[in-house]
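Here the structure comes first, spelled out in structure tokens, and everything after it is commentary.
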2 protein chains.
Amino acid sequence: MPARQGLAVRFEQWSAEAFDASRCPVRGVLDRLGDKWSTLIVIALARRPHRFGEIRRAVPDISKRMLTQTLRDLERDGLISRQVFPTKPPSVEYRLTALGESLLEPLNALVAWAEANQARIGAARVAFDAAAAMTEAPLPGLEVGGR
Amino acid sequence: MPARQGLAVRFEQWSAEAFDASRCPVRGVLDRLGDKWSTLIVIALARRPHRFGEIRRAVPDISKRMLTQTLRDLERDGLISRQVFPTKPPSVEYRLTALGESLLEPLNALVAWAEANQARIGAARVAFDAAAAMTEAPLPGLEVGGR
DNA sequence: CAGAATCCTTGCAGATACTG
DNA sequence: CAGTATCTGCAAGGATTCTG
């Protein structure tokens, strides 16, 4: 059965009765994966457990604040676990839970798709932008590339 | 080969040289799927082509503004196509492109995962919140449920 | 019907400083 | 080292109005 039908069936079930968007399970999951950092952190932890600072280094452009918060959210959802070692100074290790590992499979499929199709997407964007530029400035000025 | 390794390999390749986050292809794709609406729209269109108003009805809590914008973005990325029928009043039909359809497969995998594990995630949240409430109010006051 | 344009609010996220 | 706390901006997104 093609994926299309799997999704179609689900969709009909959702909308069947009152589709309460706030309770849609897919929303919750995709909102999480959609935020800038969750996915990258999960991917980083897919290799092996990491300490706080290690994750920061693995994901260079995340702020301490956002890292803490994202880790909390992932922990709250049961995707990662947090283990504190009472050393001095303290060290904390994060690792994927079984649930978190089970996410790797579909996540990997998505990442693979992204890589396989990034060129197509890029081309589509260029084409779209070119077409848009045409319609709004048929005789090109010097606008392109301007601020 | 387990998904874990697929992701691990990619991750190492990315971080190998200077990991320019802004050019990471996965970011672009996941940022799009992560926004509140793109995924729902794609799923709706998975069934069959829809007109503008139909999509609105299928995704009840989206504003006209956001729908227009999200459709534009999806079109720009080549995932959907837009066909205008010069009737009066005008009608516009959106449908998935081949590229968009190819996304259904991994997307379906993710949605299936979300559905299969929503109970586990929910339980994890409850447990986490309960534990958090304990540590910050060992002898419970009346705070829980307050504003 | 399908959208463009405008205003306006909010909550997310960055920077900074402090703590155990 | 691994966080918390606070302030502040800025931009995503909702409501509303106007048009072809």
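Here is how names work: the chains are called A, B, and so on, in the same order as the sequence lines, proteins then strands, and each is numbered from 1.
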Review item, side-chain donor-acceptor pairs of residues 121-130 of chain A, under 3.5 Å, at least two apart:
residue: A/R125; atom: NE; partner: B/D77; partner atom: OD1; Å: 2.6
residue: A/R125; atom: NH2; partner: B/D77; partner atom: OD1; Å: 3.3
residue: A/R125; atom: NH2; partner: B/D77; partner atom: OD2; Å: 3.2
residue: A/D129; atom: OD1; partner: B/R76; partner atom: NH1; Å: 2.8
residue: A/D129; atom: OD2; partner: B/R76; partner atom: NH1; Å: 2.4

Please enumerate all residues that pass salt bridge (Lys or Arg N to Asp or Glu O under 4.0 Å) together with [X], with sequence neighbours excluded.
X: B/R95; result: B/E93
X: B/R47; result: A/E12
X: B/E101; result: A/R4

*Is there side-chain contact between B/N108 and B/W113, with heavy atoms separated by less than 4.5 Å?*
no
Exercise answer: donor-acceptor pairs, residues 50-59 of chain B side-chain atoms, under 3.5 Å, sequence neighbours excluded:
residue: B/H50; atom: ND1; partner: B/R48; partner atom: O; Å: 2.7
residue: B/E54; atom: OE1; partner: B/R51; partner atom: N; Å: 2.7

*Any chance CD of A/E105 has more than 12 other-residue heavy atoms, nucleotides or ligands included, within less than 6.0 Å?*
no
*asked:* With a strict under 4.0 Å distance from non-hydrogen atoms of chain B, what nucleotide opens and what nucleotide closes the contacted stretch of DNA chain D, reading 5' to 3'?
replied: D/dG13 to D/dG20
*So what does B/Y94 hit on the nucleic acid, given a heavy-atom distance under 4.0 Å: a base, only sugar-phosphate, or nothing?*
sugar-phosphate
*Name all residues meeting the side chain to side chain donor-acceptor pair (under 3.5 Å) criterion together with B/N117; count only those two or more places apart in sequence or in a different chain, and write none if there are none.*
B/R120
*Results of side chain to side chain donor-acceptor pair (under 3.5 Å) for A/T97 - residues two or more places apart only*: none
*Which residue pairs pass the side chain to side chain donor-acceptor pair (under 3.5 Å) test when at least one of the two sits in residues 36-46 of chain A, sequence neighbours left out?*
A/D35-A/S38
*Using five pairs at either end of the helix from C/dC1-D/dG20 to C/dG20-D/dC1, determine the angle between the two local helix axes and round it to 10 degrees.*
50°
*asked:* For DNA chain C, which residues of residues 45-57 of chain A approach it to below 4.0 angstrom with any heavy atom?
replied: none
*Quick one: pull up CD1 in A/I80 and CZ in A/R72 and give me the separation to the nearest 0.5 Å.*
9.5 Å
*State which residue, out of B/D73, B/L96, B/L71, fulfils the side chain to side chain contact (heavy atoms under 4.5 Å, CB included) condition with B/I41.*
B/L71
_Please encode protein proximity along nucleotides 4-20 of chain C as a string of B, S and -, counting only heavy-atom distances under 4.0 Å._
S-B------BBB----B
